[in-house]
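See structure below.
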Amino acid sequence: MIKITFPDNSVREFNPGVTGFQVAESISPRLAQDVLSVTVNDQLWDLTRPILTDASIKLHKWDDEEGKHAFWHSSAHLMAEALQELYPGIKFGIGPAIETGFYYDVDPGTAVIKEADLPVIEAKMVELAARKVAYNRQDISKADALKTFQDKGDEYKVELINDLQDGTITLYTQGNFTDLCRGPHLPNTADIKAIKLLNVAGAYWRGDEKRKMLTRIYGVTFPKKKMLDEYLVLLEEAKKRDHRKIGKELELFAFSETVGKGLPLWLPRGTALRLRLEDFLKKIQRRFEYQQVMTPHIGNKQLYVTSGHYAKYGKDSFQPIHTPEEGEEYLLKPMNCPHHCEIYKVKPRSYKDLPLRMAEFGTVYRYEQSGELHGLTRVRSFTQDDAHIFCRPEQLKEEFLKVMDIIFIIFKALDFENFEAQISLRDPENKEKYIGSDENWDKAERAIVEACQEKGLKARVELGEAAFYGPKLDFMVKDAIGRRWQLGTIQVDYNLPERFELEYTGEDNTKHRPVMIHRAPFGSMERFVAVLIEHTAGKFPLWLTPDQVVILPISEKFNDYAYDLAKKMNLQDIRVQVDDRNEKIGRKIRDNELKRIPYMLIVGEKEAENGEVSVRRQGEGDKGTIKIEEFIKMVNDEVAGMMEQY
RNA sequence: GCUGUUGUAGCUCAGGGGUAGAGCACUUCCUUGGUAAGGAAGAGGUCGCGGGUUCAAGUCCCAUCAACAGCUCCA
């Protein structure tokens with residue numbers, strides 16, 4: 001007998017060779033029906049794989065990542081089988097499960113797989129799944145694996161096998177399809193009940209843009225038809241929150257082909273929103289003893305040669321601006337740091353001046369690849385809520401922690417509870433991509449890791465994601481359909497101070513080099529507003545929203561009363577509109593609900609006589625009638641209440 | 001930049017070789033209505049831009065620009 005230990009540390013005995021599925025069966029028939037994969041001694045296994053020795057196991061159902069993973073991974077194989085039948089000679093790259101669903105990268109040779117072909121592939125998958133065949137695992141030697149796929153002509157699989165170690169290679173077969181795969185898989189295709197192929201796109205083989213582009217087909221599957229329907233509804237709902245759609249509907253921003261792609265135009269309402277965010281951050285920054293500075297939108301090319309940015313990005317940027325002066329070249333500024341370094345150098349600095357915190361809402365211009373542009377989240381001109389902190393090395397950690405505090409304040413104020421933190425370090429295998437000494441990099445990386453530990457912040461560590469001049473701590477937030485965007489960022493930099501020969505005089509009356517922190521809590525105003533729109537679906541908090549109140553007169557007879565009220569509120573700093581259209585009240589309510597204005601005030605004969613307003617809260621309906629003074633106080637208290645917290 | 005898709009009225013979209021359509025928005029008129037769409041009339045488009053095929057091109061072909069999904073990239 002072998003001992004199986006469960007997650008709750010209970011132990012039961014089974015015959016050697018028992019499978020995960022049989023263990024589930026022994027617990028309950030219901031569990032046996034729901035279980036999808038099993039973790040055996042911290043390794044993900046198939047349910048049908050015999051367990052031969054004592055082991056600790058955890059059974060996974062749909063609700064576990066591991067369960068879904070096996071389900072979707074098996075679905076990828078099913079799709080591959082369908083493709084193999086429909087496109088004879090098709091070659092396969094990789095086909096993993098992802099956060100939601102799965103994809104497979106394939107090379108259909110001369111054939112082209114288009115979106116219009118997806119329903120056919122889908123139908124074939126349904127047909128194949130209905131045959132209820134098992135997924136069979138098979139250990140195989142490297143030599144045999146190579147031969148199998150060479151014979152088949154699957155050059156991509158051959159390349160993958162060449163990178164694997166002998167003794168670790170397994171194949172999985174269902175029906176007529178065999179794939180190189182680590183597993184685990186479902187026991188049987190019968191579990192895959194609902195299938196939807198979502199889109200087809202190009203993807204470079206092994207993510208390398210110099211290599212061949214394969215065809216990637218994305219799909220998602222579910223054990224129940226109802227779950228698929230619900231998922232598709234969810235997707236539709238998410239699309240309604242798209243900031244590009246809401247930005248247009250609420251007249252926040254626009255693009256013009258004539259102005260140029262990736263160059264956003266901020267409309268009055270969007271500008272109002274953005275300026276209010278800027279004011280909020282400025283207020284916080286005053287409290288943290290920042291000083292505002294302003295610098296030009298262009299700078300002499302030499303500035304960026306010194307910083308190292310020109311060597312790294314010069315060719316892929318907006319090209320230099322030439323002047324009538326022979327040989328004189330300026331760049332649209334792609335970042336603010338070099339300008340701020342020059343401000344540092346305006347006069348000799350003492351250790352008593354540090355830390356020096358220099359903030360600027362600085363608009364920068366970067367020539368992003370055309371395929372990268374995306375609404376307001378990725379643009380060619382954007383405004384960073386930038387600041388550079390010049391400090392003594394021993395002040396670094398404290399300053400870093402203070403910046404983290406600012407970011408937490410911002411995220412809390414705007415209800416971004418679900419952010420992820422990422423520490424981006426240098427790729428130790430590929431050091432030539434970065435400037436600066438190993439010693440400086442080590443110091444900088446250590447400072448970030450320690451700061452996160454001190455704050456108890458759980459951060460994912462990514463190698464090779466650092467900026468070329470220093471490591472960073474990024475804060476990522478997801479958009480409506482689950483794409484991750486980097487918002488706040490903090491970067492430690494020992495290198496620019498060296499390149500710009502920044503100095504301060506220490507207590508010992510000798511020259512020292514300061515350390516620099518780059519930071520942007522919002523990241524950029526454009527991207528932050530975009531993500532904010534998707535999080536709020538355009539229902540901005542009262543303190544932030546462009547229009548706070550709209551007055552709806554019952555009929556045109558009460559327009560004058562409405563204008564009087566508007567004037568009163570205006571004097572009390574309330575942002576108010578009057579809907580004086582010749583429409584029925586029901587119509588006005590509907591239209592203004594859709595504009596997501598927080599308060600609607602309905603005024604007619606009763607209200608005009610008594611100096612009252614009938615209040616509606618957006619999305620909540622009628623709130624009853626109160627005196628106008630009372631309403632003004634209520635709105636101002638609500639706004640002040642929020643601002644006082646910070 | 002790469003692969004695929006899409007560009008028709010301010011917006012959302014129909015029309016797929018015979019000379020431009022709908023709903024909403026807009027303008028005017030009627031209506032002055034009490035908590036999510038009152039009625040009528042009108043105006044609005046070289047069908048993304050440029051070539052080509054054709055007696056005839058939103059419609060077919062080529063090129064180009066832009067947008068969308070994904071890849072690559074992101075100081």
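Order of the sequence lines sets the chain letters (A, B, ...), proteins ahead of strands, with each chain counted from 1.
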If I take atom CD1 in residue A:I246 and atom P in nucleotide B:U12, what distance separates them, rounded to the nearest angstrom?
14 Å
Output the rounded distance in Å from OH (A:Y103) to P (B:C71).
8 Å
Which nucleotide in the set B:A75, B:G34, B:U5 lies at the smallest distance from any side-chain heavy atom of A:Q491?
B:A75
For A:K333, the option from A:L303, A:T295, A:I298 that meets side-chain contact (heavy atoms from CB on, under 4.5 Å)
A:T295
Could you check how far CD1 of A:I589 sits from C1' of B:G34, rounded to whole Å?
8 Å
Of all the choices, B:U31, B:U35, B:G34, which nucleotide is nearest to the side chain of A:I554 once you look at every atom?
B:G34
Taking the six-membered ring for Trp and the single ring otherwise, decide whether the centroids of A:W72 and A:H77 are under 6.0 Å apart.
no
Hey, does A:E607 reach any base, or is it just sugar-phosphate, or nothing, if we go heavy atoms under 4.0 Å?
base
Could you work out the separation of B:U46 and B:G10 based on their P atoms and round it to a whole Å?
9 Å
When rounded to whole Å, the CD to C1' distance for the pair A:E556 and B:U32 reads 7 Å
Rounding to an integer number of Å, can you tell me how far A:R244 CZ sits from B:C68 C1'?
7 Å
Taking the nucleotide of RNA chain B with the closest heavy atom to each, which residue, A:G262 or A:A201, is nearer the 5' end?
A:G262
Would you mind telling me which of B:C74, B:G4, B:C11 lies closest to the side-chain atoms of A:K248?
B:C11
Is A:K472 touching bases, backbone alone, or none of the nucleic acid, heavy atoms closer than 4.0 Å?
sugar-phosphate
So A:R483, base contact, sugar-phosphate only, or nothing? Heavy-atom distance under 4.0 Å.
sugar-phosphate
When we call it a touch if two heavy atoms are under 4.0 Å apart, what does A:I585 touch: a base, just sugar-phosphate, or nothing?
sugar-phosphate
Students often get this wrong, so: under 4.0 angstrom with heavy atoms, is A:Y218 touching a base, only sugar-phosphate, or nothing?
sugar-phosphate
Would you check if the distance from the ring center of A:F92 to the ring center of A:Y156 is below 6.0 Å?
no
Side chain to side chain contact (heavy atoms under 4.5 Å, CB included) for A:K261 and A:S370? Distances and angles first, verdict last.
CA-CA 8 Å; A:K261 62 177 162 185; A:S370 62; 3.1 Å; yes
Provide the distance between the two P atoms, one in B:G58 and one in B:A20, to the nearest whole Å.
9 Å
When you get a sec, tell me which of B:U32, B:G1, B:A36 is the closest nucleotide to the side chain of A:R616?
B:A36
Indicate, with yes or no, if the rings of A:F475 and A:F419 have centres closer together than 6.0 Å.
yes
In whole angstrom, what separates A:E368's CD from B:C73's P?
13 Å
Of the listed nucleotides B:A75, B:G4, B:A37, the one nearest the side chain of A:K114:
B:G4
Base, sugar-phosphate, or nothing: which does A:K606 touch, judged by heavy atoms less than 4.0 Å apart?
base
Is any side-chain N or O of A:S555 closer than 4.0 Å to OP1 or OP2 of B:G33?
no
When you check the phosphate oxygens OP1 and OP2 of B:A36, does a side-chain N or O of A:K584 lie under 4.0 Å from one of them?
no
Whole-Å gap separating P (B:U3) and CD1 (A:I113):
16 Å
Aromatic ring proximity A:F522/A:F528, centre distance under 6.0 Å
yes
A:S614, nearest nucleotide to its side chain (from B:U35, B:A75, B:A37):
B:U35
For a quick check of understanding: with a heavy-atom distance under 4.0 Å over all strands, which category does A:R216 fall into, base, sugar-phosphate or nothing?
sugar-phosphate
For A:G207 and for A:C337, find the nucleotide of RNA chain B with the closest heavy atom, then tell me which residue's nucleotide is more 5'.
A:G207
Under 4.0 Å, counting only non-hydrogen atoms across every strand here, what does A:T215 touch: a base, just sugar-phosphate, or nothing?
nothing
So which nucleotide from B:C73, B:G38, B:C71 ends up closest to the side chain of A:E583?
B:G38
With a non-hydrogen cut-off below 4.0 angstrom, is A:K261 in contact with a base, only sugar-phosphate, or nothing?
sugar-phosphate
Of the options B:C2, B:U5, B:G34, whose atoms approach the side-chain atoms of A:M213 most closely?
B:C2
How would you label the contact of A:E593 with the nucleic acid (heavy atoms, under 4.0 Å): base, sugar-phosphate, or nothing?
base
Does a nitrogen or oxygen in the side chain of A:H374 sit under 4.0 Å from OP1 or OP2 of B:C74?
no
Have a look at A:G586 and say if it touches a base, only the backbone sugar-phosphate, or nothing, with a 4.0 Å heavy-atom cut-off.
sugar-phosphate
For the aromatic rings, using the six-membered ring if either is Trp, is the centroid distance between A:F390 and A:H340 under 6.0 Å?
no
Nucleotide nearest A:Y204 when distance is taken to its side chain, options B:C2, B:A67, B:U32
B:C2
For B:C73 and B:C49, measure between their P atoms and round to the nearest Å.
36 Å
How far, in whole Å, is B:U8 from B:C55 if one measures between their C1' atoms?
25 Å
Compare the aromatic ring of A:F468 with the six-membered base ring of B:A75 and state whether they stack according to the 5.5 Å and 30° rule.
no
Tell me what A:E605 touches on the nucleic acid: a base, only sugar-phosphate, or nothing, going by heavy atoms under 4.0 Å.
base
Measure the distance from CD on A:E251 to C1' on B:C11 and round it to the nearest whole Å.
11 Å
Any cation-pi pair here, A:R513 with A:Y494, using under 6.0 Å and within 45°?
no
Under 4.0 angstrom, heavy atoms only, what part of the nucleic acid is A:N582 near: base, sugar-phosphate, or nothing?
base
